[in-house]
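To start, the structure under review is shown below, and the notes come after it.
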Amino acid sequence: METTIFSTALGEFGIGWTGMGIARVHLPGLERDELERELGRAGAQPGEPTRAVAAVIDRIEDYAEGERVDFSGVRLDLTGIPDFHRRAYALLAQVGWGETLTYGELARRLGDVGLARAVGQAMGANPIPLLLPCHRVLASDGKPGGFSAPGGKLSKVRMLALEGVSVGAPAGQLSFGF
């Protein structure tokens, strides 16, 4: 896997790719040396982005500026990802800009609402956050739930705010800011 770090309005992202597609995205929040260490795990090496990877980087930069971005057509490398996680990510990829669903809803779409905890584990293990938009999955009460990226729940809320989503506000009060 090859990797690079790039700056956005949200901070520095890391991205890793193979010949099959994007394999890793690291969200902002780590110091650069920590980000380099994370990206270098499992033998990954810094590389020069291909045109396809550069196009994804451009879209991530646009997202960080608050532009509506669709990552659904990006080729992903999910080598080594368990089947259940792949199925959850395939459904997750259909959740568009400014949309949210709950862990239970995603579990129900997978065929069993009892899989909500397993869905949460899949979201926490997501190697390609943002492109596989696990930040759009909320707890049953509409609150953020967990988020394993740097900054935790605050990062999740910040990303959703970019998309116009107010997390945890009572229904009917989302547009009034209270």
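All values reported here derive from a predicted model rather than from experimental measurement. Along the sequence shown, residues carry numbers from 1.
Between Val95 and Val137 the shortest side-chain heavy-atom distance does not fall below 4.5 Å. With a 4.5 Å cut-off on side-chain heavy atoms, Pro49 and Ile57 count as touching. Residues Ile22 and Asp77 form no side-chain contact, since every pair of their non-hydrogen atoms from C-beta on lies 4.5 Å or further apart. Here the side chains of Phe71 and Arg59 are in contact, with some heavy-atom distance below 4.5 Å.
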Going through the checks in order, is the side chain to side chain contact (heavy atoms under 4.5 Å, CB included) test met by Ile5 and Phe13?
CA-CA 6 Å; Ile5 296 172; Phe13 275 78; over 6 Å; no
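Residues Tyr63 and Leu154 do not share a hydrophobic cluster, clusters being chains of Ile/Leu/Val/Met/Phe/Trp/Tyr side chains in contact below 4.5 Å. Residue Tyr89 is grouped with residue Val69 when hydrophobic side chains (ILVMFWY) are merged at heavy-atom distances under 4.5 angstrom, including chains of intermediate members. When the side chains of ILVMFWY residues are joined at heavy-atom separations under 4.5 Å, either directly or via intervening members, Val25 and Met159 end up in a single hydrophobic cluster. Phe6 and Leu162 fall within the same hydrophobic cluster, where Ile, Leu, Val, Met, Phe, Trp and Tyr residues are linked whenever their side-chain heavy atoms come under 4.5 Å apart, directly or through other members. Connection of Val56 to Met1 is not established within any shared hydrophobic cluster, with ILVMFWY side chains joined at heavy-atom distances below 4.5 Å, either directly or through further cluster members.
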Show me, pair by pair, the donor-acceptor contacts under 3.5 angstrom made by side chains of residues 117-134, not counting sequence neighbours?
residue: Asn126; atom: OD1; partner: Ile128; partner atom: N; Å: 2.8
residue: Asn126; atom: ND2; partner: Leu132; partner atom: O; Å: 2.7

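The distance from the CG atom of Leu91 to the CG atom of Leu110 is 5.0 Å, given to the nearest 0.5 Å. Taken from OG in Ser140 to CD in Glu105, the straight-line distance is 10.0 Å, to the nearest 0.5 Å. Taken to the nearest 0.5 Å, the CG atom of Leu101 stands 9.5 Å off from the CZ atom of Arg108. Note that CD of Glu12 is 8.5 Å distant from CD of Glu36, once rounded to the nearest 0.5 Å. In this structure, the separation between CZ on Arg24 and OG1 on Thr18 is 9.5 Å, given to the nearest 0.5 Å. Atoms CG and OG1, from Leu39 and Thr3 in turn, are 5.0 Å apart once rounded to the nearest 0.5 Å.
Taking each heavy atom of Arg86 and Leu78 in turn, the nearest pair found is NH2-O, 2.6 Å. In plain terms, the two heavy atoms of Ala9 and Glu65 that are nearest each other are CB-OE2, 3.5 Å. Between Gly98 and Val165, the closest heavy-atom pair is O-CG2, 3.3 Å. Residue Leu10 comes nearest to Ala64 through the heavy atom pair CG-CB, 3.7 Å, listed as atom of the first residue, atom of the second, then distance. Closest of all the heavy-atom pairs between Val167 and Gly142 is CG1-O, 3.3 Å. Summarising the geometry of Ala107 relative to Leu115, their closest heavy-atom pair is CB-C, 3.6 Å, with the distance given to 0.1 Å.
Pairs engaging residues 146-164 under the salt bridge (charged side-chain N to carboxylate O under 4.0 Å, His left out) rule: Arg136-Glu163 [sequence neighbours left out].
Contacts of Gln94 classified as side-chain hydrogen bond (donor to acceptor under 3.5 Å, both in side chains), with partners at least two apart in sequence or in another chain: none.
Counting non-hydrogen atoms of other residues, nucleotides and ligands closer than 6.0 Å to CZ of Arg41 gives a total of 12 or fewer.
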